[in-house]
Amino acid sequence: MKILPWTGDSIFPALCNTLLAWRKSAPDTRDLPWRDEPTPYHVWISEIMLQQTRAAVVRSYYLRFLEALPSVRALAAVDDDALMKLWQGLGYYSRARNLKRAAQAIVTEHGGDLPRDFDELLALPGIGRYTASAIASFAYGQPRPAVDGNFLRIAARITANSIDIAKDTSKRALEAALAPSYPTGRDAGLLNEAFMDLGATVCLPNGVPLCHACPAAQLCLAHDRGTEQDYPVKTALKARRKERRTVLLLSCGEKIAIRKRPARGLLAGLWEYPNLEGKLSQRAVRALLESEGFDVRDIVPLPSARHIFSHIEWELTGWAVTVADTNEPPLMAAEDRTDAPASLLWVRRAELADTYSIPTAFGYFTPQ
DNA sequence: AAAGCGTGGTA
DNA sequence: TTACCAAGCTT
């Protein structure tokens, strides 16, 4: 990949000095537990959780995760369903699977400790340039800018640069332009924290930045021109496609039917209630289930729901169905599946909540 | 290079 | 309601 220069990068040495001083000048009041004891393992887990996810949401997940899996070796040996349960509701579930795969690689290839070398970090599944830089700086004091959305927004405004920050090349250009200004030791991590804190509390996205509170306002080209709102420039995402689905809450006595989703794709490997494409009527649901061999006793509508993924929007219709027994041929197993058919698993309600990870998209229908 | 991959907060 | 988008990575 050809790395182009970042126009306006002559400001960066002064910007880095200013932000580092700013970070050191005030006490850290953000109460982020991963800053308490920044071991390589702690930094790694927190940074994976923080990918595209707000710190306020991550906080409780992080504390619970570390309590359950306090070490690389514990993570490498964790049961898959237990791992997904710890991740339930956090989203981007491949992050959790990659964590375990990486932990196993760290045990077998690095003696159980995260590598210090940047390229070795980068080679681990789930660790890209941002996360490798965060670990290298926070845990090992290496001079690596951890360029994320905050950095791109701040840099675009400071330099009044109309570069499209959605492009991979923009991120690489900024990283290369900032690297020469980076200190080593504790300051490397503090400077990265400074960029993140500034982006989270002052140089805000979508809306008005709080320039009166910005330590770098004097350096900021966009602020000088009054054009803060013009930056950053970012190409719009593709529109979400809309889908209708019908979810069946099948119960038989104390048990409820769930099934495992395919190993690849959306919500891969998580558990779901049986569901079908389209908005099915009560009559259609009854006909379908009876054709599958169920003795249907009752069908009651559930409140409809809408679930927004990053790239899909689901309009969900729910039916609570009571059946007389759980002995049936595989139900709806092949419907829109390309891998091995998943058959229904009948579980008690308490067991469902304790053991099986149901993503938020299906959680609307979870019985009390 | 662009699309797939979750969820929740905010304006 | 809609749109944006957050401490991104993988393919």
Side-chain angles (χ1 to χ4, degrees), chain A residues 1-2 30 32-35 38 42-62 84 87-99 101-102 121-135 137-138 144-154 164-172 175 189 191-201 203-208 229 232 234-242 261-262 264-270 272 305-314 357-364:
Chain A
M1 183 191 304
K2 180 165 176 56
R30 295 194 62 195
L32 304 175
W34 43 91
R35 289 186 179 178
H42 290 172
V43 174
W44 175 40
I45 299 304
S46 67
E47 291 300 340
I48 298 297
M49 287 187 170
L50 286 161
Q51 289 169 5
Q52 299 291 287
T53 310
R54 294 171 190 286
V57 175
V58 167
R59 199 173 184 287
S60 58
Y61 280 90
Y62 172 79
M84 297 320 289
W87 211 267
Q88 177 179 339
L90 202 50
Y92 288 144
Y93 298 92
S94 66
R95 294 183 293 177
R97 285 188 297 277
N98 282 335
L99 271 180
R101 287 207 295 140
L121 287 169
L122 210 49
L124 294 167
I127 296 185
R129 298 192 68 83
Y130 164 79
T131 304
S133 297
I135 296 169
S137 62
F138 291 136
R144 291 278 182 180
V147 175
D148 67 349
N150 291 308
F151 280 61
L152 286 159
R153 183 174 62 257
I154 292 166
D164 183 353
I165 66 162
K167 304 280 188 193
D168 289 342
T169 49
S170 304
K171 186 173 157 181
R172 293 294 295 268
E175 187 186 334
L191 181 52
N192 278 333
E193 286 181 1
F195 272 99
M196 294 171 190
D197 289 354
L198 189 74
T201 65
C203 198
L204 303 171
N206 59 27
V208 198
Q229 303 270 40
K234 189 174 184 180
T235 55
L237 297 173
K238 208 181 65 168
R240 270 190 291 272
R241 67 175 184 272
K242 297 187 180 184
R261 291 181 58 83
R264 296 179 163 284
L266 187 67
L267 304 171
L270 276 71
E272 66 180 5
R306 175 181 310 276
H307 187 76
I308 314 277
F309 296 100
S310 49
H311 56 304
I312 307 172
E313 180 173 334
W314 274 357
S357 183
I358 303 277
T360 304
F362 291 99
Y364 306 111

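Proteins get letters first, then strands, A, B, ... in listed order; numbering begins at 1 in each.
Atoms CE (A/Met196) and C1' (C/dC5) sit 17 Å apart, rounded to a whole Å. In this structure, A/Arg240 atom CZ and B/dG4 atom P are separated by 13 Å, rounded to whole Å. If you take CD of A/Glu47 and C1' of C/dG8, they are 11 Å apart, rounded to a whole angstrom. Separating the CZ atom of A/Arg306 from the P atom of B/dT7 is a distance of 16 Å, rounded to the nearest angstrom. Distance A/Arg241 CZ to B/dA2 C1': 15 Å, rounded to the nearest Å. One can place CZ of A/Arg95 at 11 Å from C1' of C/dA7, the figure rounded to the nearest angstrom. Rounded to whole angstrom, the span from the NE2 atom of A/His42 across to the P atom of C/dA7 amounts to 22 Å. Taking atom NE2 of residue A/His311 and atom C1' of nucleotide C/dT11, one finds them 14 Å apart after rounding to whole Å.
When the nearest nucleotides of DNA chain C are assigned to A/Phe138 and A/Leu124 by heavy-atom distance, the more 5′-ward of the two goes with A/Phe138. Annotation: of the two residues near DNA chain C, A/Ser46 and A/Arg101, the 5′-most nearest-nucleotide partner is A/Ser46.
A/Asn98 and A/Arg95 share no side-chain donor-acceptor pair at under 3.5 Å. A side-chain donor from one of A/Tyr130 and A/Glu47 sits under 3.5 Å from a side-chain acceptor of the other.
No contact: A/Trp87 has no heavy atom under 4.0 Å from any strand. Among the protein residues, A/Ile308 comes within range of the nucleic acid bases, having at least one heavy atom under 4.0 Å from a base atom. In this structure, A/Arg35 reaches the bases: a heavy-atom distance under 4.0 Å links it to at least one base atom across the strands shown. Backbone-only contact: A/Ile127 has heavy atoms under 4.0 Å from sugar-phosphate atoms and none from a base. No contact: A/Ala56 has no heavy atom under 4.0 Å from any strand. Contact annotation for A/Ser310: base contact, defined as any heavy-atom pair under 4.0 Å involving a base atom. Among the atoms of the strands shown, none is found under 4.0 Å from any heavy atom of A/Leu270. At the heavy-atom level, A/Gly199 lies nowhere under 4.0 Å from the strands shown.
Atom CD1 of A/Ile308 sits in a crowded spot, with more than 12 heavy atoms from other residues, nucleotides or ligands closer than 6.0 Å.
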Next on the checklist: A/Phe309 vs A/Leu267, test: side chain to side chain contact (heavy atoms under 4.5 Å, CB included). Steps then yes/no.
Outcome noted: CA-CA 10 Å; A/Phe309 296 100; A/Leu267 304 171; 4.0 Å; yes
Is there a side chain to side chain contact (heavy atoms under 4.5 Å, CB included) between A/Gln51 and A/Tyr92 once you walk through the steps? CA-CA 9 Å; A/Gln51 289 169 5; A/Tyr92 288 144; over 6 Å; no
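With hydrogens and angles ignored, no donor-acceptor pair under 3.5 angstrom links the side chain of A/Thr53 to the base of B/dG8.
Ring geometry for A/Phe195 versus A/Phe151: interplanar angle under 30°, hence parallel rather than tilted (30 to 60°).
Rounded to whole Å, the separation between the P atoms of B/dA3 and C/dC4 comes to 16 Å. Taking atom P on both B/dC5 and C/dA7, the two are 23 Å apart, rounded to the nearest angstrom.
Contact between the side-chain N/O atoms of A/Tyr93 and the OP1/OP2 oxygens of B/dT7 is found at a separation under 4.0 Å. Phosphate proximity of C/dA3 to A/Lys234: absent, as no side-chain N or O sits under 4.0 Å from OP1 or OP2. For the OP1/OP2 pair of C/dA6 and a distance below 4.0 Å, the side-chain nitrogens and oxygens of A/Gln52 include no atom meeting the criterion.
Considering only side-chain atoms of A/Pro205, the nucleotide from C/dG8, C/dA6, B/dA3 that sits closest is C/dA6. For A/Asp148, the listed nucleotide lying nearest its side chain is C/dA7; candidates were B/dG9, B/dT7, C/dA7. Closest to the side chain of A/Asp168, from the set C/dG8, B/dA2, C/dA6, is B/dA2. Listed nucleotides: B/dG6, C/dA7, B/dA2. Nearest to the side chain of A/Leu266: B/dG6.
Taking each heavy atom of A/Ser357 and A/Met84 in turn, the nearest pair found is OG-O, 3.1 Å.
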